[in-house]
Number of protein chains: 2
Amino acid sequence: MNNLYEIHADMCKVFSNPTRLEILNLLRSDALSVMEIVEKTGIGQANISQHLAIMRSKGIVASKRRGKNVYYNLTNPKIVKAFDIIRGVLNERLRNRVF
Amino acid sequence: MNNLYEIHADMCKVFSNPTRLEILNLLRSDALSVMEIVEKTGIGQANISQHLAIMRSKGIVASKRRGKNVYYNLTNPKIVKAFDIIRGVLNERLRNRVF
DNA sequence: TTTATATATTAGAATATTCTAATATTAATA
DNA sequence: TATTAATATTAGAATATTCTAATATATAAA
């Protein structure tokens, strides 16, 4: 097995959880602090921090501290592109009543 | 939690396994039979069948029988596009020695 | 320095995924 | 019909993921 498929799969694992997708979608334009993400999603702080840590470890997001807050942002606009392509496939299907 | 994120995540789970990514990459141009996929990947038949079943259940691939063989193909060219965007991110990183 | 706020980490139970081995099914051919 | 080749399914052990609760750490403000 070509090792690149393993790395690729590992990266895509980030997209395999609804909370992480919601976070990515929130970060598509601006950086947000952990608390802002917690508030916008209504998900617990510990869990958001864990998901952010996972995404940071895979290089999908980066963080920088400003005072008391830590702001997270996407590292690569292509992430949003991939997100939107898959979302487009889903929207096509919804239009065609596949679900 | 918006249910669309759940569906989206569920679809992306397909991409979170190296064997499935290898299969998708093999199918990018032509349909292939199960045995052809087994031979090209060197992975066991049962396992390939399982992965194909997973991808079919998510609507990523479709199958049609022709005689003794069942041929699998991608259902949507956007799948390849999403695959290639992520692969592009990885290639950028490899060039920049991030791994 | 104490307190409050923001974020991170840890532990662990519940659940999900993955692979292998064994077996079943399906369709062509002898 | 019996056999063979191709594909699918099942069971189960090993491993991975997810969430919650509890706790730790870091920074700013009182």
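It should be emphasised that the depicted structure is a prediction, and the values quoted were computed from it without experimental measurement.
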Worksheet item: Looking at residues at least two apart in the chain, or sitting in another chain, which of them share a ring-ring contact (aromatic ring centres under 6.0 Å, His included) with A:His51?
Response: none
Test of understanding: with salt bridge (charged side-chain N to carboxylate O under 4.0 Å, His left out), list the residues that count as partners of [X], not counting sequence neighbours.
{"X": "B:Lys81", "answer": "none"}
{"X": "B:Arg28", "answer": "B:Asp84"}
{"X": "A:Lys78", "answer": "B:Glu92"}
{"X": "B:Arg65", "answer": "none"}

Practice prompt. For B:Tyr71, answer base if it contacts any base atom (sugar-phosphate contacts may also be present), sugar-phosphate if it contacts only those atoms, and nothing otherwise; contact means non-hydrogen atoms under 4.0 Å.
Written response: nothing
Discussion item. A side-chain contact here means heavy atoms from C-beta on lying under 4.5 Å apart; do A:Asn25 and A:Arg87 qualify?
Written reply: no
Worksheet item: Which residues pass the side-chain hydrogen bond (donor to acceptor under 3.5 Å, both in side chains) test with A:Asn17, sequence neighbours left out?
Response: none
Worksheet, complete the sentence: With sequence neighbours left out, the residues meeting side-chain hydrogen bond (donor to acceptor under 3.5 Å, both in side chains) with B:Ser33 are B:Glu36
What is the distance, to the nearest angstrom, from the [atom1] atom on [X] to the [atom2] atom on [N]?
{"X": "B:Glu6", "N": "C:dA16", "atom1": "CD", "atom2": "P", "result": "12 Å"}
{"X": "A:Lys64", "N": "C:dT7", "atom1": "NZ", "atom2": "P", "result": "15 Å"}
{"X": "B:Leu21", "N": "C:dT18", "atom1": "CG", "atom2": "C1'", "result": "15 Å"}
{"X": "B:Asp10", "N": "D:dT17", "atom1": "CG", "atom2": "C1'", "result": "14 Å"}
{"X": "B:Ile48", "N": "D:dT9", "atom1": "CD1", "atom2": "P", "result": "15 Å"}

Does OP1 or OP2 of [N] have a side-chain N or O of [X] closer than 4.0 Å?
{"X": "A:Asn69", "N": "C:dT7", "result": "yes"}
{"X": "A:Tyr72", "N": "C:dA6", "result": "no"}
{"X": "B:Asn17", "N": "C:dT17", "result": "no"}

Measure all distances between protein nitrogen or oxygen atoms and nitrogen or oxygen atoms of nucleotides 27-30 of chain D, and list the pairs falling under 3.5 Å.
none

Discussion item. Which residues pass the side chain to side chain contact (heavy atoms under 4.5 Å, CB included) test with A:Ala46, not counting sequence neighbours?
Written reply: none
Fill in: Members of residues 28-40 of chain A that approach DNA chain C, where some heavy atom sits under 4.0 Å away
A:Ser33, A:Val34, A:Met35
Worksheet item: Where each residue is assigned the nucleotide of DNA chain D containing its nearest heavy atom, which of B:Ser49 and A:Arg20 is assigned the position nearer the 5′ end?
Response: B:Ser49
Worksheet, complete the sentence: Taking C:dT18, C:dC19, C:dT7 as options, the one with an atom nearest any side-chain atom of B:His51 is C:dC19
Item to complete: Output every pair passing ring-ring contact (aromatic ring centres under 6.0 Å, His included) with a member in residues 64-91 of chain B, not counting sequence neighbours, ordered by first then second residue.
Response: A:His8-B:Phe83
Using atom names, set out every protein N or O paired with an N or O of nucleotides 20-25 of chain C below 3.5 Å, distance rounded to 0.1 Å.
{"residue": "C:dT20", "atom": "O4", "partner": "B:Gln50", "partner atom": "NE2", "Å": "3.0"}

Item to complete: Using modelled atom types only, decide if a donor and an acceptor are shared between the side chain of A:Thr75 and the backbone of A:Gly59 within a distance under 3.5 Å.
Response: yes
